[in-house]
Amino acid sequence: MVKRGRSRAGTSGGMTAMNDHPTTVRSATAADLDEVLAFWKTAAEDTSISDDGDGIARLVERDPAALLLAERDGVLVGTVIAGFDGWRCHLYRLAVHPSSRREGVGSALLAAAEERFAALGGRRADAMVLDRNAVAHHAWRAAGYGPEPQWSRWVKHLADR
């Protein structure tokens, strides 16, 4: 579990810690899954074919540490899936509740994901980011990520929704 204090720009232009509501990052459990699905409807852009109870349950069963949750005072404020297939590190479903954006939640989630990847021997992380989500582009760039224009994502759906 990783605990991070919130920060916000102070009046002097520096960063001041706001530890009255620290962000705690932990791995999801089976008991969290319904809450996570409901959260994504509020906080995440679009949905995927895997955004259902069976899909998320398979994820947590196969890799219990992959789905990371950010909480403040026991309330879910963010998620990220930090998947590692033994070769590449993949980030999906970085979502922060609209009322908690720009408060360090996404940064805490990405730091925890990157720590997980480093511990597993990962050397490069990639993120799935919707082209039309300009807010997400800003957040990913601020975290040091950038698009690779020479790559395109090719998809074949194996099951109907």
Side-chain angles (χ1 to χ4, degrees), residues 1-9 14-33 35-37 39-40 43-46 48-51 55-97 100-131 133-155:
M1 179 168 11
V2 177
K3 226 178 196 182
R4 307 244 186 254
R6 289 190 340 190
S7 344
R8 196 177 289 215
M15 299 300 282
T16 20
M18 294 183 58
N19 292 321
D20 55 331
H21 298 284
T23 301
T24 302
V25 176
R26 66 172 178 87
S27 297
T29 67
D32 298 310
L33 303 187
E35 181 182 10
V36 169
L37 286 169
F39 177 81
W40 284 345
E45 280 285 321
D46 216 352
S48 117
I49 197 167
S50 304
D51 290 350
I56 195 170
R58 273 192 303 277
L59 169 69
V60 171
E61 182 179 323
R62 182 181 176 282
D63 187 352
L67 176 54
L68 300 174
L69 307 181
E71 296 175 321
R72 288 202 177 134
D73 298 326
V75 175
L76 181 61
V77 293
T79 67
V80 71
I81 297 173
F84 182 65
D85 61 13
W87 183 46
R88 294 208 178 157
C89 308
H90 304 285
L91 294 161
Y92 310 91
R93 280 290 180 236
L94 176 62
V96 176
H97 192 277
S100 296
R101 291 183 182 156
R102 301 191 55 80
E103 295 179 358
V105 174
S107 295
L109 284 162
L110 289 177
E114 291 167 3
E115 288 172 17
R116 168 178 156 74
F117 293 152
L120 293 169
R123 294 179 285 177
R124 179 181 72 183
D126 63 52
M128 299 295 298
V129 184
L130 290 171
D131 287 339
N133 191 342
V135 172
H137 295 183
H138 176 75
W140 283 105
R141 278 191 177 92
Y145 291 78
E148 289 191 334
Q150 71 273 21
W151 295 100
S152 293
R153 180 176 181 220
W154 293 35
V155 176

Do you know which two heavy atoms are closest between [X] and [Y], and how far apart they sit?
X: F117; Y: G83; result: CE2-O, 3.5 Å
X: V105; Y: S100; result: CG2-O, 3.8 Å
X: G106; Y: V96; result: N-CG2, 3.8 Å
X: A143; Y: L110; result: CB-CD1, 3.6 Å
X: G122; Y: C89; result: CA-SG, 3.5 Å

If you measure from [atom1] on [X] to [atom2] on [Y], what distance do you get to the nearest 0.5 Å?
X: F39; Y: L76; atom1: CZ; atom2: CG; answer: 4.5 Å
X: T23; Y: L69; atom1: OG1; atom2: CG; answer: 12.5 Å
X: H138; Y: R102; atom1: NE2; atom2: CZ; answer: 5.0 Å

Could you list all the salt bridge (Lys or Arg N to Asp or Glu O under 4.0 Å) pairs where at least one residue sits in residues 136-155, not counting sequence neighbours? none

Walk me through it: do H137 and V129 pass the test side chain to side chain contact (heavy atoms under 4.5 Å, CB included)? CA-CA 7 Å; H137 295 183; V129 184; 3.5 Å; yes

With under 30° as parallel and over 60° as perpendicular, where do the rings of W140 and Y145 fit, or are they tilted in between?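 Rings of W140 and Y145: perpendicular, over 60°.
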
With side-chain hydrogen bond (donor to acceptor under 3.5 Å, both in side chains) as the rule and sequence neighbours excluded, what pairs involving residues 59-68 come up? D63-R116

Tell me, please, which residues at least two apart from [X] pass side-chain contact (heavy atoms from CB on, under 4.5 Å).
X: D85; answer: W87, R88, H90
X: L33; answer: I56, A57, V60, L67
X: V80; answer: L68, L91, L94, L109, A113

Side-chain touch D51/R93, heavy atoms, less than 4.5 angstrom: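 Yes, close enough: below the 4.5 Å cut-off.
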
Side-chain (T79) to main-chain (W40) donor-acceptor, under 3.5 angstrom: no

Can you name the side chain to side chain donor-acceptor pair (under 3.5 Å) partners of E35, sequence neighbours left out?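 Residues passing side chain to side chain donor-acceptor pair (under 3.5 Å) with E35: none at all.
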
